[in-house]
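Labels below follow one simple rule: chain letters A, B, ... track the order of the sequence lines, proteins then strands, and each chain is numbered from 1.
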Number of protein chains: 2
Amino acid sequence: MTATAAAAERLIRIGEVARGAGVSVRAVRYYEQQGLLIAERSPSGQRLYRQDAIALIRFFQQMFAAGLTSRRITELLPCWDSGHTDAEQRAMLRAERDRIQAKVDDLQAALDRLDEVIAVTDTHP
Amino acid sequence: MTATAAAAERLIRIGEVARGAGVSVRAVRYYEQQGLLIAERSPSGQRLYRQDAIALIRFFQQMFAAGLTSRRITELLPCWDSGHTDAEQRAMLRAERDRIQAKVDDLQAALDRLDEVIAVTDTHP
DNA sequence: CTAAAACCTGACGTTGACGTCAGAGGCAAG
DNA sequence: CTTGCCTCTGACGTCAACGTCAGGTTTTAG
């Protein structure tokens, strides 16, 4: 068996993908609607995914948590898939990176403030 | 002059507060609507604030950025004002703290992932 | 074969922190 | 007095990532 014909990989349906990634079925359909995740279709029209779709969705979740929009993720997906980037994409990557770093700093500051209050209210019931 | 009669503090109107805190006038009214910030009123009905309202709004912004809702902030405001807390409030404080800490960790992980990609795409144009 | 479970396509609802617009006063300057 | 800026109270609009419901088809288990 050749590399191209290598894996007649077992395709999975949307429910299994959703459970695997820990998201709802609705969410997976939404990702497709946003152009994040294109699925094959069975003859009857059901979505069929490869195993790695689960990891991809986990990655989406991570980026969502970091504040990227689905639009932004679609624009940056080629950077992962192909490793190839143009100047605009590299600029976007850095912009997002800086934004996230700033957010981390903000959160850390808020955390410090909460910790102060907690310390006070614990010694000062 | 006594402590109680001390400062016939200069009261400021909503526009000055908003500019000072770097938010919109609409936002300040919204905070009042949510019970975060109660203003005095002039005879004609205009809102009048003390200087420290600006710092308070900055604090709200910081908590918003940390993911607290206005409802949660109102529930926790007594912890700041009076320094007095009950068990429920202390539990909420810790819950929010833990949530923020988890978020920081998530963001840091996302940041690391972005940095990987940036490193690759920079050496690999 | 049949019933349950899973899937499909719309399409409207939700949440939070505001933006924005309309129409009506209020306030200091010239 | 009037011009121009500020403020007021509603009340509807926005955005993103889904939730939820309706009504119908497909797959699976027994």
query: Can you list the residues that meet the salt bridge (Lys or Arg N to Asp or Glu O under 4.0 Å) rule with B/Glu16, with sequence neighbours excluded?
result: B/Arg10

- prompt: Going by atom types only, do A/Gln46 and A/Arg13 share a side-chain donor-acceptor pair under 3.5 Å?
  reply: yes

message: Same cluster or not: B/Leu56 versus B/Ile54, using hydrophobic residues (I, L, V, M, F, W, Y) connected whenever any side-chain heavy atoms lie under 4.5 Å apart?
response: yes

field: d(CZ, A/Arg41; P, C/dC8) in whole Å
entry: 6 Å

query: Does any donor atom in the side chain of A/Thr85 or A/Arg90 lie under 3.5 Å from an acceptor atom in the other side chain?
result: yes

- request: Quick one: which residue pairs count as a side chain to side chain donor-acceptor pair (under 3.5 Å) with a foot in residues 17-26 of chain B, not counting sequence neighbours?
  value: none

message: Once side-chain hydrogen bond (donor to acceptor under 3.5 Å, both in side chains) is applied, do any residues pair with A/Arg29, and if so which ones, sequence neighbours excluded?
response: none

query: By side-chain hydrogen bond (donor to acceptor under 3.5 Å, both in side chains), which residues pair with A/Glu32, not counting sequence neighbours?
result: A/Arg41, A/Arg47

- prompt: Using a heavy-atom distance cut-off of less than 4.0 Å, which residues of residues 55-73 of chain B contact DNA chain D?
  reply: none

task: Taking side-chain hydrogen bond (donor to acceptor under 3.5 Å, both in side chains) as the test, write out the residues that go with A/Glu96, two or more places apart.
output: A/Arg72, A/Arg99

Contact list for DNA chain D against residues 91-113 of chain A - heavy-atom distance below 4.0 Å: none

query: How far apart are the closest heavy atoms of A/Cys79 and A/Leu93, and which atoms are they?
result: SG-CD1, 4.1 Å

field: side-chain hydrogen bond (donor to acceptor under 3.5 Å, both in side chains) partners of A/Asp86, counting only residues at least two apart
entry: none

- request: Starting at atom CG of B/Leu37, determine the distance to atom P of C/dA17, rounded to an integer number of angstrom.
  value: 15 Å

- request: Check the distance between D/dG19's C1' and A/Gln33's CD and give it to me in whole angstrom.
  value: 14 Å

Residues from residues 14-30 of chain A lying under 4.0 Å of DNA chain D - heavy atoms: A/Ser24, A/Arg26, A/Ala27, A/Tyr30

- prompt: Does B/Tyr31 or A/Arg47 map to a spot on DNA chain C nearer the 5' end, using the closest nucleotide for each?
  reply: A/Arg47

Those residues that, when tested against A/Asp115, pass salt bridge (Lys or Arg N to Asp or Glu O under 4.0 Å) (two or more places apart): B/Arg97

message: Please list all pairs meeting ring pair (Phe, Tyr, Trp, His ring centres under 6.0 Å) that have one or both residues in residues 13-44 of chain B, counting only residues at least two apart or in different chains.
response: B/Tyr31-B/Phe60, B/Tyr31-B/Phe64

message: Is there a continuous path of hydrophobic side-chain contacts, each under 4.5 Å between heavy atoms, that joins A/Ile118 to B/Leu77?
response: yes

message: Distance check needed: D/dT7 C1' versus B/Leu48 CG, whole Å only.
response: 11 Å

statement: Expected string for nucleotides 25-30 of chain D under the B/S/- scheme (protein heavy atoms, under 4.0 Å, primed atoms plus P, OP1, OP2 as sugar-phosphate) is -SS---

